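For clarity, every value in this text was computed on a predicted model and none was experimentally measured.
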Amino acid sequence: MRQFIDVTGKTEEEAINRALEQLKLDRDDVSVEILERAKAGFLGLGSCPAKVRVSYGEDEEPAAPAQPKVEKVREDKPKAEKPRAEKKPAEKPQRREEPVKKELAPKTEEAQTVKSPEDLGEEVNDERAQEIRKFLSGLLQQMEVQAEVKVYLPEKGRYKVFLEGQGLGAIIGRRGETLDAIQQLTSYSVNRTGSRVRVQLDAENYRAKREQSLERLANKVAGKVVKYRRSVTLEPMNAYERHVIHTALQEVPGVTTYSTGVDPNRRVIVAYDREKK
């Protein structure tokens with residue numbers, strides 16, 4: 001039976017060697033398919049390891065000639081089962097219609113609640129905004145990412161920056177980790193001199209979508225906690241994401257939240273609280 005494993009490494013060759021060590025096979029005994037090429041990134045940001053699929057074992061070729069013999073036996077059965085086959089088409093369309101209607105409603109609500117940069121007014125072009133654009137433009141050029149930098153000032157001392165373009169997944173990263181790192185670098189560069197300002201960076205409305213996703217997760221988990229009266233530990237989150245969970249559940253009866261652990265593995269625990277009403 002043909003089997004395979006997926007392995008990652010800094011380079012394609014390193015990933016292949018790791019797979020061979022795990023399987024204890026020679027290079028001639030396997031076939032290799034490169035799933036993702038390694039990408040170095042810039043200053044460690046946007047880097048992506050190589051990923052390969054290594055297949056091994058024998059193909060099941062003898063099973064092919066047995067198929068035509070089975071078809072001859074099945075030819076006689078449909079004749080005796082004609083009355084039963086007439087009832088099935090009437091049931092199938094009813095079952096397919098229901099899930100389609102249920103899925104359309106939440107998607108339209110999400111699209112309406114995501115805030116766009118236009119809600120923040122006109123772009124600003126003061127000294128700090130120019131520094132933000134200059135730093136991010138240079139960084140994006142080094143990362144070989146094409147994106148437009150838009151800077152807004154929703155309130156004094158707080159700049160909201162949006163990156164707009166195609167294929168910005170590389171600068172968002174897993175759970176927004178790369179985006180958070182770029183935001184920190186931008187804040188550090190802008191605040192080297194003068195009064196301190198706050199910089200919030202977003203790309204493809206990732207943060208708004210992530211916040212909505214976290215709020216839905218919080219409410220779903222809270223329902224389970226109240227129903228089964230058992231605490232639930234969520235996945236590791238950064239400080240901002242933990243704050244979203246705490247805020248979403250602070251008024252929910254029967255539920256309390258608190259954080260445990262140390263960054264970057266600090267988590268939120270949603271616990272049952274019978275006294276909270």
Side-chain angles (χ1 to χ4, degrees), residues 1-59 132-149 161-190 192 199-207 209-210 213-214 217 233-242 261-268:
M1 181 178 178
R2 197 67 172 170
Q3 298 178 327
F4 66 86
I5 60 172
D6 294 344
V7 183
T8 59
K10 292 182 180 180
T11 63
E12 291 84 354
E13 193 64 29
E14 180 180 319
I16 295 172
N17 291 334
R18 286 184 178 179
L20 295 177
E21 289 178 3
Q22 293 181 26
L23 299 173
K24 296 182 179 180
L25 296 175
D26 296 329
R27 183 66 176 81
D28 296 334
D29 298 330
V30 302
S31 61
V32 179
E33 178 185 357
I34 298 177
L35 302 178
E36 295 180 10
R37 295 283 183 180
K39 186 176 179 182
F42 175 71
L43 295 178
L45 300 174
S47 61
C48 181
K51 185 176 182 181
V52 300
R53 174 167 294 175
V54 177
S55 304
Y56 61 97
E58 297 181 357
D59 296 329
I132 292 172
R133 288 193 183 91
K134 182 179 179 181
F135 176 80
L136 286 175
S137 297
L139 182 60
L140 293 174
Q141 185 177 2
Q142 292 294 327
M143 296 177 67
E144 298 182 353
V145 175
Q146 294 184 354
E148 183 180 359
V149 181
V161 185
F162 287 89
L163 301 180
E164 296 183 357
Q166 298 294 328
L168 300 183
I171 64 174
I172 295 175
R174 180 175 175 270
R175 295 178 185 168
E177 292 176 354
T178 304
L179 190 65
D180 290 339
I182 296 176
Q183 177 177 288
Q184 279 188 320
L185 289 173
T186 306
S187 179
Y188 175 77
S189 175
V190 172
R192 286 182 297 179
V199 178
Q200 294 178 315
L201 180 64
D202 197 1
E204 295 183 343
N205 271 335
Y206 167 79
R207 298 201 187 279
K209 295 174 184 176
R210 176 62 173 165
S213 176
L214 289 171
L217 172 66
T233 303
L234 303 181
E235 62 185 4
M237 299 179 184
N238 59 35
Y240 170 73
E241 292 179 341
R242 295 195 302 270
V262 180
D263 287 326
N265 295 316
R266 193 164 174 80
R267 305 165 182 260
V268 173

Can you find a pair of side-chain heavy atoms, one from Leu136 and one from Leu201, that are under 4.5 Å apart?
yes
Can you tell me if Gln166 has over 12 outside heavy atoms packed within less than 6.0 Å of its CD?
no
Is there a donor-acceptor pair under 3.5 Å between the side chain of Thr186 and the backbone N or O of Ile182?
yes
Determine whether a donor-acceptor pair (N or O, by modelled atom type, separation under 3.5 Å) exists between the side chain of Arg242 and the backbone of Met237.
yes
Is there a donor-acceptor pair closer than 3.5 Å between any side-chain N or O of Asp202 and the backbone N or O of Arg207?
yes
Looking only at heavy atoms, the pair that brings Ser189 and Phe135 closest together is OG-CD1, 3.5 Å
Closest approach of Ala170 and Thr178, non-hydrogen atoms and distance?
O-CG2, 3.8 Å
Arg266 side chain to Pro236 backbone, donor-acceptor under 3.5 Å
no
Does Gln22 reach the side chain of Val7, with side-chain heavy atoms less than 4.5 Å apart?
yes
What residues, two or more places apart in sequence or in another chain, satisfy salt bridge (charged side-chain N to carboxylate O under 4.0 Å, His left out) together with Glu148?
none
If only side-chain N and O atoms count, and only distance matters, is there a donor-acceptor pair under 3.5 Å linking Asn238 with Asp180?
yes
Any chance you could measure Tyr240, atom OH, to Gln200, atom CD, to the nearest 0.5 Å?
8.0 Å
In sequence, state the C-alpha distance, the side-chain angles, and the governing distance for Ile172 and Glu204, and then conclude on side chain to side chain contact (heavy atoms under 4.5 Å, CB included).
CA-CA 9 Å; Ile172 295 175; Glu204 295 183 343; 4.0 Å; yes
Would you indicate whether the side-chain heavy atoms of Leu35 and Arg53 approach each other to under 4.5 Å?
yes
Dump the intermediate steps for side chain to side chain contact (heavy atoms under 4.5 Å, CB included) on Met143 and Ile171, then the final yes or no.
CA-CA 9 Å; Met143 296 177 67; Ile171 64 174; 3.6 Å; yes
Could you check Glu235 against Arg267 for salt bridge (charged side-chain N to carboxylate O under 4.0 Å, His left out), going step by step and ending with a plain yes or no?
CA-CA 6 Å; Glu235 62 185 4; Arg267 305 165 182 260; over 6 Å; no
Which residues satisfy the side-chain contact (heavy atoms from CB on, under 4.5 Å) test with Ser137, sequence neighbours excluded?
Val149
How close do Ala147 and Leu140 get, heavy atom to heavy atom, and via which atoms?
CB-CD1, 4.0 Å
Donor-acceptor pair, Arg18 side chain versus Ala15 backbone, under 3.5 Å?
no
Residues pairing under salt bridge (charged side-chain N to carboxylate O under 4.0 Å, His left out) where one sits in residues 133-143, two or more places apart or in two chains, turn out to be Glu123-Arg133
Of the non-hydrogen atoms in Ser187 and Val199, which two are nearest, and what is the gap between them?
CA-CG2, 4.3 Å
Under 4.5 Å between any side-chain heavy atoms of Phe4 and Val54, yes or no?
no
Verify the neighbour count for atom OH of Tyr188: are there more than 12 heavy atoms of other residues, nucleotides or ligands below 6.0 Å?
no
